[in-house]
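These notes concern the structure reproduced below.
Read the numbers this way: they start at 1 and go in the same order the structure lists the ligands and their atoms. Nothing fancy with the numbering, it's 1 onward along the sequence.
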Amino acid sequence: MRHLFRFKNKTRNHSNITSNDLNIDKQNIPEHIAIIMDGNGRWAKQRKMPRIKGHYEGMQTVKKITRHASDLGVKYLTLYAFSTENWTRPTEEVNYLMKLPGDFLSTFLPELMEKNVRVETIGFIDALPEHTRKAVLEAIEKTKNNTGLTLVFALNYGGKKEIVAAVQMIADLYKENKVTLDDINETTFNDYLFTKNIPDPELLIRTSGEQRLSNFLIWQSSYSEFVFDDTLWPDFNENNLEQAIKTYQERHRRFGGL
Ligand code: V0D
């Protein structure tokens, strides 16, 4: 009956909200995790706060999850920050969102450097306001030699538009006799996507209970495991990330390291 008293010792019980006993397999962490960070507006609404407060808290969650993904040895973390459809939101909200990259980087770049994180983007970034593009390009430049986690922000990104742009590039080359029909296959098509240097995500997470892909990585996620979590993005934490990885591992067992 000795086991009944095992946890009576108070010195053993310093639990905090981020500790867990999920026991994820550290040898089978997905190389690439993609996340649809949904529920920021709803989080704010529940607290009778303006939507932008939800976006601000969502940005703090990005820092927390980046830190943890890096610590777990994830190689690529792709975050859906702004879609090509998000321009239809109120001007005030869009203007606020466009300040977040600058805000994020002025507060978090030292830690990104310390953690050896490389920043990248996918999406039509030429259409972003000058100040936003400048902040992002500066972060990409400053972190380009880092060799740890690659943190990919999807900014003004849409999967259908990405594919159409790829088709246009290929059609253009075809017109100039620079590619033949035989040159076009699934592998070469990849080279015209924003993600050309990034492996496909093994795990795609969407928060806040919605269970749709919403035009995110539609080509790249054809074989991804989808994990849906009811947590609103500002409340998403290290535990939720590990739970999603655990779910992925339960679907993707490795037998004897094979
Ligand atoms: C709002 C929740 C970080 C989702 C997260 C421009 C919506 C917070 C960035 C960011 C956004 C982007 C590029 C970069 C560094 C940081 C960000 C946007 C929205 C849209 F180089 N959070 N974040 N960008 N939100």
Side-chain angles (χ1 to χ4, degrees), residues 33-47 49-70 76-113 115 117-144 146 148-158 194-195 198 204-210 214-217 229 231-237 240-241:
I33 301 177
I35 309 182
I36 302 175
M37 308 181 286
D38 202 6
N40 303 288
R42 217 182 317 157
W43 182 93
K45 190 170 186 184
Q46 287 175 356
R47 286 161 181 75
M49 289 169 168
R51 287 174 61 82
I52 61 170
K53 175 66 174 156
H55 296 317
Y56 177 81
E57 286 305 320
M59 181 181 76
Q60 307 310 320
T61 304
V62 170
K63 296 177 187 172
K64 186 163 60 184
I65 295 305
T66 297
R67 222 175 257 136
H68 200 57
S70 167
Y76 297 87
L77 178 66
T78 301
L79 304 175
Y80 206 1
F82 195 85
S83 83
T84 50
E85 280 66 53
N86 287 156
W87 296 108
T88 61
R89 292 183 177 182
T91 317
E92 182 195 24
E93 184 178 340
V94 170
N95 289 346
Y96 180 78
L97 287 168
M98 290 303 151
K99 289 181 195 152
L100 290 180
D103 231 54
F104 179 92
L105 296 162
S106 64
T107 54
F108 204 53
L109 196 61
E111 194 172 335
L112 292 175
M113 294 308 294
K115 286 209 172 293
V117 174
R118 180 168 64 123
V119 174
E120 264 299 342
T121 63
I122 57 173
F124 302 90
I125 65 163
D126 288 355
L128 299 175
E130 173 68 24
H131 70 95
T132 310
R133 203 172 59 235
K134 189 165 170 278
V136 171
L137 292 177
E138 195 176 310
I140 293 172
E141 175 63 24
K142 284 183 173 156
T143 62
K144 70 178 180 198
N146 290 350
L149 171 71
T150 299
L151 175 60
V152 184
F153 287 100
L155 292 170
N156 195 22
Y157 174 85
F194 292 125
T195 49
I198 304 172
L204 191 146
I205 301 168
R206 183 168 187 158
T207 62
S208 96
E210 304 297 336
S214 298
N215 208 13
F216 186 46
L217 300 176
D229 187 310
T231 311
L232 305 179
W233 178 251
D235 293 329
F236 196 81
N237 64 24
N240 298 112
L241 179 66

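- Neither the backbone nor the side chain of A139 comes within 4.0 Å of ligand 1, counting heavy atoms alone.
- A salt bridge links E210 with R42: the distance from a Lys NZ or Arg NE/NH1/NH2 to an Asp or Glu carboxylate oxygen falls below 4.0 Å.
- Nearest protein heavy-atom neighbour of atom 11 (C) of ligand 1: L100 CD1, 3.6 Å.
- Classification of K142 and E138 as a salt-bridged pair holds, one side-chain N sitting under 4.0 Å from a carboxylate O.
- Protein heavy atom in closest approach to atom 6 (C) of ligand 1: L97 O, 3.4 Å.
- Neither the backbone nor the side chain of T132 comes within 4.0 Å of ligand 1, counting heavy atoms alone.
- Closest to atom 24 (N) of ligand 1 among all protein heavy atoms lies A81 CB, 3.6 Å.
- Other residues, nucleotides and ligands contribute at most 12 non-hydrogen atoms within 6.0 Å of the OH atom of Y56.
- The aromatic rings of Y80 and F216 sit parallel to each other, their planes meeting at less than 30°, with 60° as the upper class boundary.
- Closest to atom 9 (C) of ligand 1 among all protein heavy atoms lies F153 CE2, 3.7 Å.
- Within the listing of ligand 1, atoms 5 (C) sit less than 4.0 angstrom from a heavy atom of V62.
- When hydrogens are left out, the protein atom nearest atom 2 (C) of ligand 1 is N40 ND2, 3.6 Å; that is the closest non-hydrogen contact.
- Of the candidates L241, D38, I65, I36, L241 is the only one forming a side chain to side chain contact (heavy atoms under 4.5 Å, CB included) with I205.
- Residues P129 and W87 approach most closely at CD-CH2, 4.4 Å, considering heavy atoms.
- Within ligand 1, counting atoms from 1 as listed, the ones closer than 4.0 Å to a heavy atom of G58 are 5 (C), 8 (C).
- With a 4.0 Å cut-off on non-hydrogen atoms, L155 touches ligand 1 through its side chain and not its backbone.
- Side-chain N/O atoms of T150 and R118 include a donor and acceptor closer than 3.5 Å.
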